[in-house]
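This one's a predicted model, so the numbers in the text were calculated from it and none came from an experiment.
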Amino acid sequence: MRTGIFVGSFNPFTVGHDSIVRRALPLFDRLVIGVVGDQVHKPDMPSAEERIKAISDLYRDEPRIKVKPYYGLAVDFAKAEKAHFIVKGVRSVKDFEYEREQADINRQLAGVETILLYAEPQLSSISSTMVRELQHFGVDVSVYLPNKPNKSY
């Protein structure tokens, strides 16, 4: 069984994240979305349980997607899930350089390969940080958040 993981804090889970999930799913028999657990203390971050529930609700009709908390290194989570691949989204050259370095280390540590999926052009400026900042200033961010179960796999 080909298993991939897609990990992050997903605070919040954006339409950009959803795009990566939809595009990665055909590559795997199972895709596990790993939500960083509550050991990360960021201001106003919803609990891991809340973030997991919100993401699980989006994919409730897709049995190949599982959403779970993870703690520690992504490669340890990959091993626990018997995954040989980590899926990452890349929006810019800056993202690419960071993810390339992480991919090298993950391959050295655990033999886990990283698959980079480039952001769709219309989504390349969307980030969780940007969404949180807009929310802080009272902007309606619904256009940046997937709000219905996704059935277009």
message: Return the CD1 to CZ distance between I65 and R30, rounded to the nearest 0.5 Å.
response: 12.0 Å
query: In the single-linkage hydrophobic clustering (I, L, V, M, F, W, Y; side-chain heavy atoms under 4.5 Å), do L25 and Y118 co-cluster?
result: no
- prompt: Are I5 and M1 co-members of a hydrophobic cluster defined by side-chain heavy atoms under 4.5 Å apart?
  reply: no
message: Checking K53 against E50 for the salt bridge (Lys or Arg N to Asp or Glu O under 4.0 Å) test, could you report, in this order, the C-alpha distance in whole Å, the side-chain angles of both residues, the deciding distance, and whether it holds?
response: CA-CA 5 Å; K53 182 181 181 334; E50 291 172 273; over 6 Å; no
field: Test side-chain hydrogen bond (donor to acceptor under 3.5 Å, both in side chains) applied to E120 and S19, step by step
entry: CA-CA 8 Å; E120 295 178 80; S19 170; 2.4 Å; yes
message: What I'd like to find out is whether the side chain of E81 reaches to under 4.5 Å of the side chain of Y70, using heavy atoms alone.
response: no
Contact summary for S124 and A119, nearest pair of heavy atoms: CA-CB, 4.0 Å
query: N11 versus P46: any side-chain heavy-atom pair under 4.5 Å?
result: yes
message: According to side chain to side chain donor-acceptor pair (under 3.5 Å), who are the partners of R107, at least two apart in sequence or on a separate chain?
response: D104, E113
field: Residue pairs fulfilling ring-ring contact (aromatic ring centres under 6.0 Å, His included) with at least one residue in residues 7-29, sequence neighbours excluded
entry: F6-F10, F10-F13, F10-H17, F13-H17, F28-F85
- line: Taking every heavy atom of R2 against every heavy atom of P26, the minimum-distance pair comes out as NH2-O, 4.3 Å
field: Trace of the side-chain hydrogen bond (donor to acceptor under 3.5 Å, both in side chains) decision for Y59 with D18
entry: CA-CA 10 Å; Y59 302 110; D18 179 58; 2.5 Å; yes
Close side-chain approach of K88 to Q102, heavy-atom, < 4.5 Å: no
message: Please determine whether residues L123 and V143 belong to a single hydrophobic cluster, defined as Ile, Leu, Val, Met, Phe, Trp and Tyr linked transitively by side-chain heavy-atom distances below 4.5 Å.
response: yes
message: Are the side chains of R91 and S125 in contact, using a 4.5 Å heavy-atom criterion?
response: no
message: Just to verify, which of V141, I55, L145 counts as forming a side-chain contact (heavy atoms from CB on, under 4.5 Å) with P12?
response: L145
- prompt: Is the closest side-chain heavy-atom distance between S92 and D95 below 4.5 Å?
  reply: yes
- prompt: Same hydrophobic cluster for V139 and I126, using side-chain heavy-atom links shorter than 4.5 Å among ILVMFWY?
  reply: yes
- request: Say whether, by atom type as modelled, one donor and one acceptor occur between the side chain of R51 and the main chain of M45 under 3.5 angstrom.
  value: no
task: Treat each ILVMFWY residue as a node, draw an edge where side-chain heavy atoms are under 4.5 Å apart, and state whether I115 and F96 are in one component.
output: no
